[in-house]
Amino acid sequence: MCVRSCFQSPRLQWVWRTAFLKHTQRRHQGSHRWTHLGGSTYRAVIFDMGGVLIPSPGRVAAEWEVQNRIPSGTILKALMEGGENGPWMRFMRAEITAEGFLREFGRLCSEMLKTSVPVDSFFSLLTSERVAKQFPVMTEAITQIRAKGLQTAVLSNNFYLPNQKSFLPLDRKQFDVIVESCMEGICKPDPRIYKLCLEQLGLQPSESIFLDDLGTNLKEAARLGIHTIKRQGFAVLPKLVSNSWAQAIYPPYPPKVVNDPETAVKELEALLGFTLRVGVPNTRPVKKTMEIPKDSLQKYLKDLLGIQTTGPLELLQFDHGQSNPTYYIRLANRDLVLRKKPPGTLLPSAHAIEREFRIMKALANAGVPVPNVLDLCEDSSVIGTPFYVMEYCPGLIYKDPSLPGLEPSHRRAIYTAMNTVLCKIHSVDLQAVGLEDYGKQGINDCDLTQLGIPAAEEYFRMYCLQMGLPPTENWNFYMAFSFFRVAAILQGVYKRSLTGQASSTYAEQTGKLTEFVSNLAWDFAVKEGFRVFKEMPFTNPLTRSYHTWARPQSQWCPTGSRSYSSVPEASPAHTSRGGLVISPESLSPPVRELYHRLKHFMEQRVYPAEPELQSHQASAARWSPSPLIEDLKEKAKAEGLWNLFLPLEADPEKKYGAGLTNVEYAHLCELMGTSLYAPEVCNCSAPDTGNMELLVRYGTEAQKARWLIPLLEGKARSCFAMTEPQVASSDATNIEASIREEDSFYVINGHKWWITGILDPRCQLCVFMGKTDPHAPRHRQQSVLLVPMDTPGIKIIRPLTVYGLEDAPGGHGEVRFEHVRVPKENMVLGPGRGFEIAQGRLGPGRIHHCMRLIGFSERALALMKARVKSRLAFGKPLVEQGTVLADIAQSRVEIEQARLLVLRAAHLMDLAGNKAAALDIAMIKMVAPSMASRVIDRAIQAFGAAGLSSDYPLAQFFTWARALRFADGPDEVHRATVAKLELKHRI
């Protein structure tokens, strides 16, 4: 069924005409013929694949570019680069592998844009099951062609996938002949491949019809005598192509051009002389369990409609609809739809078709475009259950909200019409239409607008404008409510499929869909929860009890056990994702599984690689990244152990990270902290994590596209330039480096040092903090700029060492910035916002160091225990020495104390935000580095001289624990913060 009146406006009639072949025209064609106008008989139809049977690479590329904010036309231009000898055509001829193609293709795209382009994700999308689906109208057409005795073939420029199988997402049984360029080593428009296809079909050129979406391919086919139809799959600007390649889009002759699969089939019907779409769309024979008595139904309809004919009643079942079985009926010259209750025992209020009929009739009277309802029959003796009848409205049903195969203008017109109808429904005066006693009253992100699909916010504004309502702030609440309700409905549909009562062909598939929709609802609920928390007035957030108490019936702690939460009891909706989990085994099942997967990866991959990685750091090649690190990064990415750090609060849509809370990540971060190399292997190492979070929180879309994506992919590194040798940089307001505005640029001058990671050859971005206005208020003088590392004027003076360690290849550099010119669009958030950005960047980033320090300490204590069990001194094992036992006990106590403080800080950050957790963050930054230094020092003491060597990680652990008492803010600053807050809130 379709809302007929939606398509009666002039702006949509042209969409309707080109997208739908009217049912009456299909049912009453003239005599069946499939002869050429010149008299020769067609015996085969040959189809191209991409652009004819499935979406073309050009169309997929256009939508992928929008979603990934890549300049329009980049992919198509790169595909055409080099013509016959370019990587795309060589890939089609199987002269290079998928890996080789992606390598060359990625290089081409990156050179065009001067930045990394994630071509792997484009290739994955192009070959994904979600995109590479055969157009249903083409499937039906092929079935009808073969039913008439004609042959069908696929003639495709195609390629091999990494698994060495050709990319052919089609049912091979549909075709008599399949010819693929990668199999034959030749591509269209080489005439040999057409002749090969005709030879395998056993036909002359004039006996076949060829459908393709590229002009050059069709031109050669026509030259050979094959009749051609051009399916216009995608168009590009002429400036993107040249010479003969331009003919692929703008052919020098007038082909039979069609703009969508429906119209292509219509053109094919005109040539063949018979229909290719028979019957009513989206229908099938009635399921045995859904059969209804035709005789009594026919008698009822004759009486209702006043029909005297004795012709048969045609009955089909629609294959969509999840609630009440729906049937198509044709009797005499009337096309009808019948909706009935499903058979079997039902809940009293379920499947109320009486209610449906009443609402449909009322809406029609109110001018809402709905089918004309004819009658409600509550007499179950007619067909076994109550039912109602309405007129059939031919139309299209779009199950995919991206509306594949349509032009952007078509998509927008459809979404606009849907919004208009929704507003009409919600504008109905319920009392005037007699529905006042019914129900309750009241009511990617990618740039979808370029695809013709309005973004959710725009669509909502459009709705509010038409309804005359002010926009609501709690939009996510309504989305969560709606999706939870849909999930409940889907669960009921799945239950009916188990008992054989479901009307839809796809009912059994709703089991998995229920879980997906529930998770979607939960994501919206989480977003709404964070919005509410941010708006809560934390007038006195630090006056809370610090004792432990039993929390009966808590889902996070067994009855009677202690809770270490530092905030009052949260509601169940909040604790479910923001609870204090003090043990990895108490994590939610998905996160617990992630934790154990990471643990296994550490044991199997990371720890065994440490000796080789340490040797590389001491070798002459130390200033180049270790190939082993790069290999481990790919393995971590493949196992889903990648970008775990971004907190759910900063990335609620889980667009960039794993969507973990700070508490959940704390356990994983501690585990990564047991190795010096694991954080980088999992793309969770500083300073990149802080810089990525800065870009997520404050970056523009252009800044994210240029810098964030390469960092998230691990293809680039970054640094943060704040500390200066001439001033006490522990006070960020002391920063003296200048940022001066000049034309469309900012000019930077300054002297920085201890810039971690700047020596790494992969470092492409420097996040620079300097003063734009020395005369502004103290905390509004600083600004943050994104500085490309290849900008002239950046001079590295020397690498700095920490207790003699260089920390290659990233190192810690002393750098001068001399007249460095940076485009104005590289400013983050705006002039004077630097201090604000620095504080926001150091929120979760501050606590990440503390989490890793717990890992340092656990590894040190484990090494210490193993060491003292295996060494003898003064006639007995070291483990029996009283001082050693005391050191082990003291280390365990200090680690547990610090861990609980870290988890409490993370817990408060999740529930109340970073600002409300300021005291807890300051306390743990006081505690963790000093605690780690003491625990590691005891382990070194137990090892003796070996503990000072590079044979064990202890010396490096100790070095970085000591350094973090500066790098993460000096102890004195944190003590002062704690004291001030204590005096402010405790007196």
Side-chain angles (χ1 to χ4, degrees), residues 541-542 544-548 562-567 580-583 662-663 665-674 679 686 690 730 839 842-862 864 886-910 912 914-940 954 957-986:
L542 302 171
R544 59 190 185 278
S545 172
Y546 284 84
H547 68 276
T548 59
R562 289 184 173 183
S563 166
Y564 295 89
S565 175
S566 57
V567 294
L580 176 56
V581 180
I582 63 175
S583 165
N662 283 293
V663 168
Y665 180 62
H667 293 281
L668 278 73
C669 191
E670 175 185 328
L671 188 54
M672 285 186 280
T674 59
S730 56
Q839 291 301 305
L842 292 175
R846 283 175 165 178
I847 202 168
H848 292 175
H849 281 309
C850 299
M851 296 168 180
R852 282 189 285 269
L853 286 167
I854 304 297
F856 279 16
S857 305
E858 281 288 5
R859 181 88 182 275
L861 181 56
M864 177 184 180
D887 283 348
I888 292 173
Q890 189 64 34
S891 293
R892 170 51 62 203
V893 169
E894 291 180 0
I895 291 172
E896 295 299 332
Q897 289 172 332
R899 178 185 288 114
L900 287 174
L901 193 53
V902 169
L903 291 173
R904 186 169 70 178
H907 178 57
L908 187 56
M909 290 166 69
D910 285 334
N914 299 347
K915 186 175 182 180
L919 174 61
D920 297 77
I921 292 172
M923 287 194 295
I924 192 54
K925 287 174 67 66
M926 275 177 54
V927 169
S930 297
M931 175 280 300
S933 297
R934 292 192 299 271
V935 170
I936 298 164
D937 184 67
R938 294 184 193 113
I940 291 173
L954 295 172
F957 280 166
F958 183 84
T959 299
W960 301 128
R962 183 61 185 87
L964 283 172
R965 293 178 61 191
F966 293 120
D968 215 21
D971 290 352
E972 291 77 8
V973 170
H974 302 313
R975 291 188 190 115
T977 300
V978 172
K980 288 176 182 177
L981 291 171
E982 180 70 17
L983 290 169
K984 182 178 180 181
H985 294 289
R986 300 285 173 182

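Residue numbers count from 1 along this sequence.
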[X] and [Y]: which non-hydrogen atoms are nearest, and at how many Å?
X	Y	result
S891	L861	CB-CD1, 4.0 Å
R852	A686	NH2-CB, 4.2 Å
A961	A932	CB-CB, 4.1 Å
A922	T977	CB-CG2, 3.9 Å

Item to check | Sequence-distant partners of R859, salt bridge (Lys or Arg N to Asp or Glu O under 4.0 Å), two or more places apart | outcome: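 Checked R859 against salt bridge (Lys or Arg N to Asp or Glu O under 4.0 Å); matches are E610.
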Checklist entry - Are any non-hydrogen side-chain atoms of L919 and M923 less than 4.5 angstrom apart? => result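 A side-chain contact under 4.5 Å exists here.
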Next on the checklist: Counting C-beta onward and ignoring hydrogens, is there a side-chain heavy-atom pair between M926 and D971 closer than 4.5 Å?
Outcome noted: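 No - every pair of side-chain heavy atoms lies 4.5 Å or more apart.
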Checklist entry - Would you say the side-chain atoms of H667 pair up with the backbone N or O of V581, donor to acceptor, closer than 3.5 Å? => result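 The answer is yes, because a donor-acceptor pair under 3.5 Å joins these two groups.
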Checklist entry - Judged by atom type as modelled, is there a donor-acceptor pair below 3.5 Å linking the side chain of D920 to the main-chain atoms of L908? => result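 It does not hold such a pair.
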Spacing of [X] atom [atom1] and [Y] atom [atom2] [to the nearest 0.5 Å]:
X	Y	atom1	atom2	result
L954	I940	CG	CD1	5.5 Å
R965	S933	CZ	OG	6.0 Å
I895	L900	CD1	CG	12.0 Å

Checklist entry - Name the one of I936, I854, L901 that satisfies side chain to side chain contact (heavy atoms under 4.5 Å, CB included) with M931? => result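 Answer to the side chain to side chain contact (heavy atoms under 4.5 Å, CB included) test with M931 among I936, I854, L901: I854.
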Checklist entry - Which residue, H849, R975, H974, forms the side chain to side chain contact (heavy atoms under 4.5 Å, CB included) with K925? => result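 Among H849, R975, H974, the one meeting side chain to side chain contact (heavy atoms under 4.5 Å, CB included) with K925 is H974.
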Holding to side chain to side chain contact (heavy atoms under 4.5 Å, CB included), I want the full list of residues that pass it with [X], two or more places apart in sequence or in another chain.
X	value
D887	M864, R938
V893	Q897
A928	C850, L853, I924

Checklist entry - For the residue pair F856 and F957, does the interplanar ring angle fall in the parallel (under 30°), tilted (30 to 60°) or perpendicular (over 60°) class? => result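 Aromatic pair F856/F957 classed parallel.
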Next on the checklist: Among residues at least two apart in sequence or on other chains, which ones pass side chain to side chain donor-acceptor pair (under 3.5 Å) with E896?
Outcome noted: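 If we apply the side chain to side chain donor-acceptor pair (under 3.5 Å) test to E896, skipping adjacent residues, the hits are R892, R899.
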Checklist entry - T674: what forms a side chain to side chain donor-acceptor pair (under 3.5 Å) with it, not counting sequence neighbours? => result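 Listed in chain order: Y607.
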